[in-house]
Amino acid sequence: MRRALTALAIALVLAGSALYAVERHWRARGYTPIIVDAPDLWALQRAKASSAGRAIVFLGASRTLYAIDRATVRARLPGVEPVMLAMDGRYPLATLRDLAGDADFRGIVVCDIDGAGFAAPSLDMQQPEVDYYHHEFSPSRALHRILLNHWQRHAVIARSDFSLLRSAVRRWNNEGEPFRPQQWFDRRRFGNIDYEFADREGQKRALRENLDRHGGHLPRVAFDAWWPQVEASHAWVRAIQVRGGDVVFYASPTSGLRRWVEEDWFPRKEYWDRMVAATPAKTLHALDVPALRDFPLPDESHIDYRQKPAYTNALIDALLERGLLAPGGG
Amino acid sequence: MLADSVFAPVVDPVFKAGASVDTAAAWTGTIAFAGQIFCDFAGYSTCAIGCAAMLGFWLPDNFRAPYAAVGFSDFWRRWHVSLSTWLRDYLYVPLGGNRGSRLFTLRNLMLTMLLGGLWHGAAWTFVAWGAFHGLMLVGERLSRPLLERAATMLGGFGTLLGGLMTLLGVLVAWVWFRAPDFAHAAKIHHAMFVATGSSAALTAEAKIALVVFGLLWLMHWLLRHHDLRRWLRQRNALSLGVIWAILAVAIVLSPGVSRAFIYFQF
């Protein structure tokens, strides 16, 4: 017993010292701890959407994921719990469908979606995470993720880029120092992008290349192939409304070439406006709100993290002024 | 840690249904799977043994340096000992074991391994895996006098050669165990034994997986005649503390994807 306790003490001292030295090494090179998004983090928030009582759930893709400031929502809408379920690069209808089928969900959904979001290929984009939540996420995974959040918040070495294996691969390939991400999350999954360092031109370049491939116009989706998803969403919206919740379909701001492409691809009059006329949901289009329409977008569709409070305030102002949200959010 | 971080990323692309596989990828994927399934299963078994020990129960080892086995009967004394013991006691012996003619014994061996394969899942690939092991056991039993004579002649080199031949057979069999279907298993076997030319250089991850498997094999070979528990009991507090510290640092510095325990499905 004494031998084991002595060995344990030696192991703790040695391991603690070694890990502290590694942590100091990376911090000295300018790395800071960040929380990394993962299916478990999404599932943890998805569970909160059901258990929080009155929640305001933000659905969408990266434009919402990196745009909403949680503290501002809390301050402006004290009656609701903000929950972030948007996903980078994936449209949100699958999650909306899931919330509609959840008898415990009675909250408000702000669903950031555009014409392409209702197209058939977009319908199941978030379904893998929904399936993960229902079939694989468990109390032990939840506990694991809560502990991991704490670890990632405080330790640079919690990130997989600093693992022994990644370090060995970098050394083998002469790759240099680990990647310095310009995106990070808080423990409740509200994301941030720092456009002082992030590639402002990358998105625009990709869009231009995509346009070039298609002769200057992205291929139109026939209205008849687009409309069934809109009709399907009616039932999901009503299911949430019947339980006392609500849904706001929200087209977030874009600028420059991105705005031109979206209008060219899914002209507002032919798609969005017809959806607005038929849906039982409330709707908001950023082009109708000067403060949102003219908001600075470094890459024509995303918000720099320093601008999140201002953007969130502008969005909440628009929702409240148009009666799309009750004062206080309740 | 090793199963999920080092081996699985090399295994999954090779065994994905429909994946195209060249010779280098077939071998690295198969070797990596041998590492993955051992580290995965032996790791969980050790956790269970440790948990039981904390409650005052001493469970037997489930793995005894299996990749250092010399011969397939030796392999099954070292791999998944709880299953192989169960198969022996509840299938092989009730079927008659070796209490009959030679043909009768060989039949019992084949039946036991076929059912042992089927125990892993209702798929023909598992039956093929069991059949392959059964055939190897039968072949070993039939050629035992020859093998014994060769071992006496070759000495230590013969043992090493026997160990490598056994490992080769075990690797070939793992392809059936991991492949999603017969066609893909056949494709990997073809790539393993008919040089297809390498379409792409091995990635650093694949090379690291091979190095780690090499170290794992070396460790098995060194521990071939030793009991790890007894060896650890003989260490003093300082060396034990250093070993634990190295393991703790390696675990903390291995964050990443957590994959499901392979044997959960069985």
Side-chain angles (χ1 to χ4, degrees), chain A residues 1-23 25-26 33-36 38-40 132 135-138 140-141 143-145 147-149 151-152 154-175 178, chain B residues 1-11 32 35-36 39 47 50 53-54 56 200-215 229 231-261 264-265:
Chain A
M1 189 66 176
R2 192 171 164 186
R3 186 184 70 115
L5 287 175
T6 310
L8 184 63
I10 291 168
L12 286 174
V13 170
L14 288 178
S17 307
L19 292 170
Y20 180 71
V22 177
E23 177 75 13
H25 166 78
W26 290 118
I34 56 165
I35 289 180
V36 181
D40 278 334
Y132 179 81
H135 304 306
E136 292 182 53
F137 191 62
S138 61
S140 69
R141 296 300 310 174
L143 179 63
H144 162 78
R145 184 63 223 195
L147 295 174
L148 184 61
N149 279 350
W151 179 233
Q152 289 187 343
H154 296 109
V156 171
I157 55 174
R159 229 177 85 203
S160 58
D161 294 282
F162 301 95
S163 72
L164 288 174
L165 179 66
R166 281 299 308 150
S167 301
V169 169
R170 270 198 310 276
R171 191 164 281 264
W172 204 305
N173 290 339
N174 287 321
E175 284 176 12
Chain B
M1 186 183 92
L2 292 175
D4 287 356
S5 305
V6 175
F7 293 122
V10 181
V11 174
Q36 184 193 5
C39 292
C47 289
M54 286 196 287
L202 283 184
T203 61
E205 285 85 349
K207 289 173 189 166
I208 289 169
L210 291 177
V211 169
V212 173
F213 185 81
L215 293 172
R229 282 194 220 186
W231 185 83
L232 284 171
R233 268 201 297 271
Q234 289 164 349
R235 300 305 101 193
N236 62 25
L238 179 62
S239 46
L240 206 54
V242 171
I243 292 167
W244 287 353
I246 291 170
L247 291 174
V249 169
I251 289 167
V252 173
L253 290 181
S254 298
V257 184
S258 176
R259 289 173 167 79
F261 171 42
F264 271 159
Q265 60 191 301

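The analysis underlying the following values was restricted to heavy atoms, covering all of them including side chains, and did not include hydrogens, waters or symmetry mates. Every chain is numbered from 1 and lettered A, B, ... according to where its sequence line falls, protein lines coming before strand lines.
- Contact between Val169(A) and Ala204(B) at its shortest, heavy atoms only, is CG1-CB, 4.0 Å.
- Interatomic distance, CG of Leu238(B) versus OG1 of Thr6(A), reported as 10.5 Å (0.5 Å rounding).
- With a 4.5 Å cut-off on non-hydrogen atoms, Arg171(A) does not touch chain B at all.
- Atoms CZ and CD1, from Arg166(A) and Ile208(B) in turn, are 9.0 Å apart once rounded to the nearest 0.5 Å.
- Among the residues in residues 239-247 of chain B, those with a non-hydrogen atom closer than 4.5 angstrom to a non-hydrogen atom of chain A are Leu240(B), Gly241(B), Val242(B), Trp244(B), Ala245(B).
- Here Arg3(A) is the residue among Glu136(A), Arg2(A), Arg3(A) with the most heavy-atom pairs under 4.5 Å with chain B.
- Neither the backbone nor the side chain of Leu2(B) comes within contact range of chain A; no heavy atom of the residue lies under 4.5 Å from a heavy atom of that chain.
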Per-pair distances, 0.1 Å, donor-acceptor, side chain in residues 8-22 of chain A, under 3.5 Å, sequence neighbours excluded:
| from | atom 1 | to | atom 2 | distance (Å) |
| --- | --- | --- | --- | --- |
| Ser17(A) | OG | Val13(A) | O | 2.6 |
| Tyr20(A) | OH | Arg24(A) | NH1 | 3.0 |

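- Ranked by heavy-atom pairs under 4.5 Å with chain A, the list Val249(B), Leu253(B), Asn236(B), Val212(B) is led by Leu253(B).
- Between Ser254(B) and Ser163(A), the shortest heavy-atom distance links the atoms CA-CB, 4.2 Å.
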